[in-house]
Amino acid sequence: MGVLAIVRRWRRDDLIQKGSLVLRGLALLFSPLDFIIMASNKHGDWKDFDRYKEFRYLLAISIPATLYTEVQALRHVHQISIGQDLVKRQTSALIDFASDQVVAYLLISAASLAVPMTNRMRNNVDNLFTDCLAASISMAFFGFLTLALSALISGYKLSTQSYI
């Protein structure tokens, strides 16, 4: 029974590590897409994202979210390939848990701020500008979702740490 329990725990830990890497990789996909779509959404006159503070805020949040997810994904790739953490395991779990939540909440706040303005614009006219806005908001929401799931995994890792 002891050997089977150990093997089961190793498999679970391996699955958690790989799942965490996949979620961070997806967040790394969504955050730059959010940034690129919003930054390139300039079509002249009233159809420039930078004329609206809601969309500037979304762009401003997507930049640190992209940087954060890139650093975290690279750190997890290093951890899986080398088998060694860059910082102590307890500290790493705490930093992951807190920062995943902060970045996820920033993304959802930026997306939720941009939604009402986009809906008002889409009610009046539906064009490439509003479609790009909706796509950027969707990428921010998907980034939030992946980071929120990653925060759950980080919370699990934090709760199963041995502090002795």
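Heavy atoms only: backbone and side chains are in, while hydrogens, waters and symmetry mates are out.
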[X]: what forms a side chain to side chain donor-acceptor pair (under 3.5 Å) with it, not counting sequence neighbours?
X: N119; answer: none
X: S92; answer: R75
X: D13; answer: none
X: S62; answer: none

For [X], what residues pass the salt bridge (charged side-chain N to carboxylate O under 4.0 Å, His left out) criterion, not counting sequence neighbours?
X: D48; result: none
X: R56; result: none
X: K53; result: none

Checking side chain to side chain donor-acceptor pair (under 3.5 Å) against D14, which of K18, R11, Q17, R12 comes through?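 For D14, the side chain to side chain donor-acceptor pair (under 3.5 Å) test succeeds with only one of K18, R11, Q17, R12, which is K18.
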Where do [X] and [Y] come nearest, in terms of heavy atoms and distance?
X: L28; Y: A73; result: CD2-CB, 4.1 Å
X: Q101; Y: A151; result: CG-CB, 3.9 Å
X: A134; Y: T118; result: N-CG2, 4.2 Å
X: I137; Y: V115; result: CG2-CG2, 3.6 Å

Which pairs, with at least one residue in residues 102-137 and sequence neighbours excluded, count as a ring-ring contact (aromatic ring centres under 6.0 Å, His included)?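 ring-ring contact (aromatic ring centres under 6.0 Å, His included) check on residues 102-137 returns W46-F129.
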Pairs where residues 54-102 contributes a residue and the test ring-ring contact (aromatic ring centres under 6.0 Å, His included) is met, not counting sequence neighbours: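 Listed by first then second residue: Y52-F55.
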Under 4.5 Å between side-chain heavy atoms, counting indirect links through other Ile/Leu/Val/Met/Phe/Trp/Tyr residues: same cluster for [X] and [Y] or not?
X: F35; Y: L107; result: no
X: L58; Y: I37; result: no
X: M139; Y: L113; result: yes

Nearest 0.5 Å, please: how far is [atom2] in [Y] from [atom1] in [X]?
X: N41; Y: M38; atom1: CG; atom2: CE; answer: 6.5 Å
X: S20; Y: Q79; atom1: OG; atom2: CD; answer: 8.0 Å
X: N127; Y: M121; atom1: CG; atom2: CE; answer: 9.5 Å
X: S136; Y: L59; atom1: OG; atom2: CG; answer: 8.0 Å
X: Q72; Y: S154; atom1: CD; atom2: OG; answer: 7.5 Å

Please check this pair: side chain of S40 against backbone of I36, looking for a donor-acceptor N/O pair closer than 3.5 Å.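 Checked: pair present.
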Which residues, ordered by chain and number, are linked to I80 in its hydrophobic cluster, where ILVMFWY side chains connect at heavy-atom gaps below 4.5 Å, directly or through other members?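 Via sub-4.5 Å side-chain contacts, I80 links to L21, V77.
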Connected-component partners of I153 among ILVMFWY, side-chain separation under 4.5 Å: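 I153 shares its hydrophobic cluster with I16, L23, L149, L152, Y156.
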Contact check, side chains of D96 and R24, non-hydrogen atoms, under 4.5 Å: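 Counting from C-beta outward, D96 and R24 do come under 4.5 Å.
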Answer whether the closest heavy-atom distance between the side chains of R122 and L133 falls below 4.5 Å.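 No, too far: nothing below the 4.5 Å cut-off.
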Pairs under 3.5 angstrom only: tabulate donor-acceptor contacts from the side chains of residues 140-148 to other protein residues two or more places apart or in another chain.
residue: T146; atom: OG1; partner: F142; partner atom: O; Å: 3.2
residue: T146; atom: OG1; partner: G143; partner atom: O; Å: 2.9

